[in-house]
Amino acid sequence: MDMLELVRLNLLSPIILAFVLGIVATLVRSDLKFPEPLYTALSIYLLLAIGLKGGAALSETSLAALGGPALATLGLGIAVPLWSYAIVRRVGRMSVADAAALAAHYGSVSVVTFIAALSFLDAARIGHEGFLPTLVALLEVPAIIVALLLARLRGGAGRGSWGTVLHEVLAGRSILLLLGGLVIGAASGTAGLARVAPFFVAPFQGALVLFLLEMGMVAARRFRDLRTAGAFLLAFGVGMPLLHGVLGVWLGSVAGLSLGGSTVLGVMAASASYIAAPAAVRIALPEANPGYYLTAALAITFPFNLTVGIPVYFAVAQWMHAGGTG
Amino acid sequence: MDMLELVRLNLLSPIILAFVLGIVATLVRSDLKFPEPLYTALSIYLLLAIGLKGGAALSETSLAALGGPALATLGLGIAVPLWSYAIVRRVGRMSVADAAALAAHYGSVSVVTFIAALSFLDAARIGHEGFLPTLVALLEVPAIIVALLLARLRGGAGRGSWGTVLHEVLAGRSILLLLGGLVIGAASGTAGLARVAPFFVAPFQGALVLFLLEMGMVAARRFRDLRTAGAFLLAFGVGMPLLHGVLGVWLGSVAGLSLGGSTVLGVMAASASYIAAPAAVRIALPEANPGYYLTAALAITFPFNLTVGIPVYFAVAQWMHAGGTG
Amino acid sequence: MDMLELVRLNLLSPIILAFVLGIVATLVRSDLKFPEPLYTALSIYLLLAIGLKGGAALSETSLAALGGPALATLGLGIAVPLWSYAIVRRVGRMSVADAAALAAHYGSVSVVTFIAALSFLDAARIGHEGFLPTLVALLEVPAIIVALLLARLRGGAGRGSWGTVLHEVLAGRSILLLLGGLVIGAASGTAGLARVAPFFVAPFQGALVLFLLEMGMVAARRFRDLRTAGAFLLAFGVGMPLLHGVLGVWLGSVAGLSLGGSTVLGVMAASASYIAAPAAVRIALPEANPGYYLTAALAITFPFNLTVGIPVYFAVAQWMHAGGTG
Amino acid sequence: MITVALKKVTIIAEAVLEPRLIREIRALGATGYTVSEVRGEGSRGVRASDWEGDNVKVETLVGAGTADRILEHVAATCFEHYAVIAWVTDVQVVRGDKYLNPSDREPS
Amino acid sequence: MITVALKKVTIIAEAVLEPRLIREIRALGATGYTVSEVRGEGSRGVRASDWEGDNVKVETLVGAGTADRILEHVAATCFEHYAVIAWVTDVQVVRGDKYLNPSDREPS
Amino acid sequence: MITVALKKVTIIAEAVLEPRLIREIRALGATGYTVSEVRGEGSRGVRASDWEGDNVKVETLVGAGTADRILEHVAATCFEHYAVIAWVTDVQVVRGDKYLNPSDREPS
Ligand SMILES: Nc1ncnc2c1ncn2[C@@H]1O[C@H](COP(=O)(O)O)[C@@H](O)[C@H]1O
Ligand SMILES: Nc1ncnc2c1ncn2[C@@H]1O[C@H](COP(=O)(O)O)[C@@H](O)[C@H]1O
Ligand SMILES: Nc1ncnc2c1ncn2[C@@H]1O[C@H](COP(=O)(O)O)[C@@H](O)[C@H]1O
Ligand code: NA
Ligand code: NA
Ligand code: NA
């Protein structure tokens with residue numbers, strides 16, 4: 001498949017169209033509102049489902065196969081925030097707190113973007129390693145800690161003991177559900193997963209449609225902040241994912257991941273967290289402006305990855321894997 | 001199948017029984033309460049699901065086949081509110097605002113009644129055109145606009161610029177989700193639908209059971225208003241659906257719809273809106289009494305159509321289609 | 001299968017692991033919170049689903065087969081609160097109100113424990129009678145009435161006319177949904193159930209995972225009350241289920257239930273209500289301390305039955321059925 | 001704007017008490033009430049139920065006499081065994097006389 | 001703690017009115033508002049819709065002049081046809097001057 | 001009805017602050033608190049998160065001294081970086097003395 005066909009395939013998938021519908025709903029000021037409990041219920045469901053599937057796959061994976069990719073993931077989690085911080089400080093000329101905040105978001109990972117990548121691969125009938133959700137759990141936390149450390153070292157962090165902050169990140173609901181799902185999936189194995197599959201596996205894509213409808217509304221509500229965000233943030237929000245996406249794909253290939261797996265690692269690196277990171281940053285770095293970090297992660301990078309990024313990283317992966325299935 | 005058998009088949013379906021259970025719950029003053037977010041979640045789900053299915057069907061329909069039925073539907077949407085208004089004014093001797101309000105409700109369509117009709121046909125193993133949800137989208141809006149126009153012309157409309165009112169109707173969540181679903185379904189086609197079918201298609205009937213349980217409770221809470229509603233409203237709430245149902249079935253047959261399709265157009269015409277219309281009317285016609293229009297739509301016409309109306313319109317359609325499957 | 005293998009099979013099932021995850025979430029003070037509407041939605045779903053399945057089975061059961069087990073169940077519902085009351089008064093030396101409250105809880109039944117037992121049997125591939133949910137409906141109410149009567153006779157009941165109390169119990173949402181589901185299931189039969197099965201049957205186990213995650217959090221929030229509960233309550237919360245479990249299994253076998261059915265009757269007898277009973281007791285016996293009855297039912301007996309009790313009662317049933325499938 | 005001085009009685013209580021409280025405050029002369037779901041903690045560690053959506057806040061605008069009767073009643077019947085807190089605030093109500101019942105009107 | 005005496009205007013209304021109320025109170029000079037979902041009963045038996053999440057409570061902290069304008073406006077445009085109740089409470093607000101608009105500042 | 005005059009401190013803040021606020025107001029002497037979910041808009045366009053259930057309203061009934069300490073603390077630690085508004089209302093509380101802590105009792 002050529003690039004355009006890939007983009008088309010992606011754009012016409014129900015989940016992307018639902019995301020667009022959510023944007024439209026906000027732009028036409030529809031009275032459509034997602035009750036907050038529905039949003040929370042869907043996010044609990046998605047995180048747990050991803051964990052369960054990954055865990056069941058893990059129960060059949062040799063730890064050896066996991067080693068390389070896990071190291072690559074941890075490396076990304078530590079290195080990405082370092083240069084992200086430097087770029088925001090030097091090029092963007094933003095404050096220490098804002099730079100650290102952006103570094104935390106772009107070094108961590110967006111679970112929904114990850115899921116969208118799996119969904120894209122499924123539609124294109126490209127296989128991938130079952131243990132990838134484990135990598136998500138590995139990538140979520142380190143960047144946040146590195147970025148907050150950076151802020152402390154540079155004198156930009158105002159409040160919160162390390163204990164509070166670590167607790168916030170490690171006991172946060174997204175890590176808890178993802179890890180919890182992984183453990184449950186690994187412990188109860190594929191037989192256990194089979195029993196809950198009609199709830200956690202089969203309807204997953206459809207539930208994702210609802211979730212992305214809401215995500216579209218949330219992202220669109222941030223669009224008006226784009227005006228004040230400035231050119232640097234726009235460039236950052238598109239440029240960093242491209243950089244990290246290619247890097248992630250490359251690292252994945254080197255670490256022995258398949259075509260699909262490398263694509264996903266690229267997507268993970270390219271994505272910016274908007275669940276774990278914002279909560280931690282808001283508590284530990286209150287002087288950082290959410291108008292920058294949330295807007296960049298949610299209104300720029302997330303839609304970019306969802307629509308254009310995922311097929312691009314896949315094309316890069318195809319190219320690196322020297323003609324994969326294309 | 002004869003009439004009685006049809007009614008029995010309908011009354012013993014899980015969704016109708018759930019509706020009755022909801023009524024019972026209210027009458028025995030049970031502490032069963034549907035959390036509002038659950039109601040909203042279910043209605044988002046039902047509207048989107050109907051749209052997606054209709055859209056996927058649309059992607060395989062020639063526009064020619066849609067033309068006749070679409071015209072018939074639009075015709076109903078414009079004509080029904082005109083005579084409904086006249087009847088309420090002349091026979092019912094109600095105020096301009098109340099007449100226009102009732103006209104808006106009975107000219108528009110109840111999505112849940114529509115869904116119940118599809119469900120009835122499924123149980124009776126009668127096929128129907130896949131594009132019917134498109135007709136629902138077409139029928140929802142015109143009557144509301146015609147009725148509000150009538151009220152303005154007769155000096156009965158108090159408040160709200162046309163802009164606000166049109167916006168309320170066109171960007172209202174039921175139209176947005178229905179149309180949005182249609183577009184997503186049409187764009188992603190049957191392949192796209194297949195991916196989300198385990199969420200939006202297979203569990204649909206069951207979700208409807210939950211929804212009708214809540215509808216039963218809501219309708220029953222209006223029952224005490226029936227005493228003050230008076231004989232005219234009772235007659236109107238049963239007579240209009242019968243009139244519109246037969247008319248709809250006939251128009252559908254003339255426009256080339258199948259036995260199932262004509263039945264559904266009859267049900268659509270017979271049904272009274274209680275989502276889009278009440279919201280618009282409450283804003284644009286505050287002097288109209290919700291104790292009349294909501295009670296008629298919800299506590300009289302909705303239960304009537306659900307239990308007796310649907311099989312009756314089907315029997316009429318069988319008769320018109322000269323011995324259909326009976 | 002030997003005892004240890006049974007316990008292991010049970011402990012590694014996704015629902016038990018989810019319960020443990022919920023406990024962990026509370027203990028590490030995670031910010032994971034279940035929105036209250038999600039909890040309510042899941043409990044409506046589970047009760048209705050259980051009722052529907054039981055009702056459909058009932059439509060194919062001869063009343064004769066139901067007679068013995070129904071009598072056994074009613075007997076448990078009347079006798080269990082009597083001796084529970086006596087034990088709490090004599091051995092525990094608690095007040096009349098507290099004794100009656102505990103009697104109401106342990107004489108009634110926990111629907112979730114019942115469901116977990118069915119799930120255990122499914123995993124172990126042991127069949128059971130389809131009408132068991134009917135027995136749950138029979139067991140839920142009598143004990144509450146007996147216990148409140150006891151309290152009145154002993155002068156311990158403060159408030160609430162009998163009318164209010166009976167209404168609270170009989171029109172409570174758990175009885176209404178269970179009975180309602182049974183009637184709908186029985187009236188629409190297996191054909192009706194088949195239409196809603198992709199919603200109410202297939203995803204059931206998965207929905208249960210979510211529910212038990214929340215139950216784990218709720219139970220763990222009560223753990224700190226354990227310190228004040230004292231040794232008697234601990235012994236009561238473990239001893240009574242064992243006693244009632246063995247008794248229930250035995251009664252079930254005598255009444256002609258299968259290996260699976262006897263196990264389930266044992267689990268029902270062993271379980272302590274924490275939905276219907278607490279609500280009724282709080283209204284009718286305000287002087288009873290929820291720190292005793294809720295803590296015992298929720299933080300002691302429920303986890304005990306879920307993890308250890310169910311396999312134990314099954315082993316007892318195997319032994320009584322003289323070598324069953326083991 | 002001409003307003004009427006009324007009392008706003010606020011009662012926060014376990015959700016299980018809601019139907020009873022509403023019945024009783026209406027019987028004591030309130031012409032209406034507003035309820036919302038809240039959660040909280042106080043002196044009582046134990047809670048009646050973890051499922052009843054925690055606490056409810058019941059607010060009612062009434063005349064001074066009715067306010068007094070409601071508070072007396074709540075204090076007498078709820079404080080001992082239930083988790084309840086109740087207070088009064090002075091408020092100025094638009095078209096406030098429609099929320100007064102006859103007994104409130106006389107004394108003033 | 002130095003606080004500023006302001007008025008808290010509370011409006012409880014059918015949910016369908018929310019967008020309009022918010023638009024109008026901002027136009028009348030409120031610098032902010034807070035909304036929550038409530039339910040209730042009053043003199044009006046009938047309700048506009050059973051789906052709109054019942055009622056909303058809109059609260060806004062404003063100067064006395066703005067409070068008056070808001071109440072006048074609500075009384076004039078909402079009371080006849082909608083289920084609405086509105087009142088004012090005296091409050092002491094931290095850094096309260098930032099919630100005053102110019103018109104409120106002048107008279108004091 | 002004999003009631004005690006207390007202060008009701010109301011704080012509306014981003015939901016992310018809830019655990020911290022509750023910890024701190026208890027440490028400053030409040031014997032209890034009530035929380036509800038609200039949403040709103042103020043001077044700050046940007047919001048910390050669109051997922052945290054918007055804002056929370058924290059209410060606590062306390063003596064005048066405690067009220068002052070809480071407001072001082074909130075003003076000093078939250079106003080600069082967070083979306084927060086806080087105010088005090090005079091209320092009459094049934095059995096109000098149980099909500100006073102020793103420091104509130106002395107001065108009176
Ligand atoms: N000082 C207080 N301020 C605000 N709300 C309180 C206070 N004390 C108790 N409450 C509320 O009243 C409920 C019952 O309190 P209690 O009876 O003290 O356990 C709590 O759950 C809180 O919602
Ligand atoms: N006396 C009252 N006290 C508190 N809230 C009231 C009172 N009367 C009315 N309400 C609220 O205002 C809404 C509309 O009242 P009404 O216009 O009287 O039907 C009700 O649904 C209640 O939420
Ligand atoms: N004048 C006001 N009246 C009522 N609530 C307000 C007002 N201003 C701000 N708020 C509330 O306080 C929150 C934070 O306000 P701000 O810090 O001004 O953005 C808002 O989201 C509102 O919920
Ligand atoms: Na990343
Ligand atoms: Na119609
Ligand atoms: Na029992």
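Just so it is clear: chains get the letters A, B, ... in the order the sequence lines come, proteins before strands, and each one is counted from 1.
Chain A forms the most heavy-atom pairs under 4.5 Å with one residue out of B:Ala191, B:Ala187, B:Gly189, and that residue is B:Ala187. Residue with the most contacts toward chain B among A:Ala207, A:Ala25, A:Pro37: A:Ala207 (heavy-atom pairs, distance under 4.5 Å). Listed options A:Gly206, A:Ala123, A:Pro198 were ranked by heavy-atom pairs under 4.5 angstrom with chain B; first place goes to A:Gly206. Ranked by heavy-atom pairs under 4.5 Å with chain B, the list A:Val20, A:Leu11, A:Leu21, A:Ile16 is led by A:Leu21.
For the pair A:Leu17 and B:Val183, the minimum side-chain heavy-atom distance is 4.5 Å or more. Between A:Phe34 and B:Ile44, the closest side-chain pair of non-hydrogen atoms falls below 4.5 Å.
Atom-to-atom distance recorded for A:Leu32:CG and B:Leu177:CG is 5.0 Å, nearest 0.5 angstrom. Between B:Ile184 atom CD1 and A:Leu213 atom CG the span is 7.0 Å, to the nearest 0.5 Å.
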Go through chain A and chain B and list any donor-acceptor pairs closer than 3.5 Å, backbone and side chains both.
from, atom 1, to, atom 2, distance (Å)
A:Val28, O, B:His167, NE2, 2.7
A:Arg29, O, B:His167, NE2, 3.3
A:Ser30, OG, B:Ala171, O, 2.6
A:Asp31, OD1, B:Arg173, N, 2.7
A:Ser119, O, B:Arg195, NH2, 3.1

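A:Ala18 touches chain B through backbone and side chain together, each having a heavy atom under 4.5 Å away. With a 4.5 angstrom heavy-atom cutoff, A:Val209 touches chain B only via side-chain atoms. Using a 4.5 Å cut-off between heavy atoms, B:Leu176 contacts chain A through both its backbone and its side chain.
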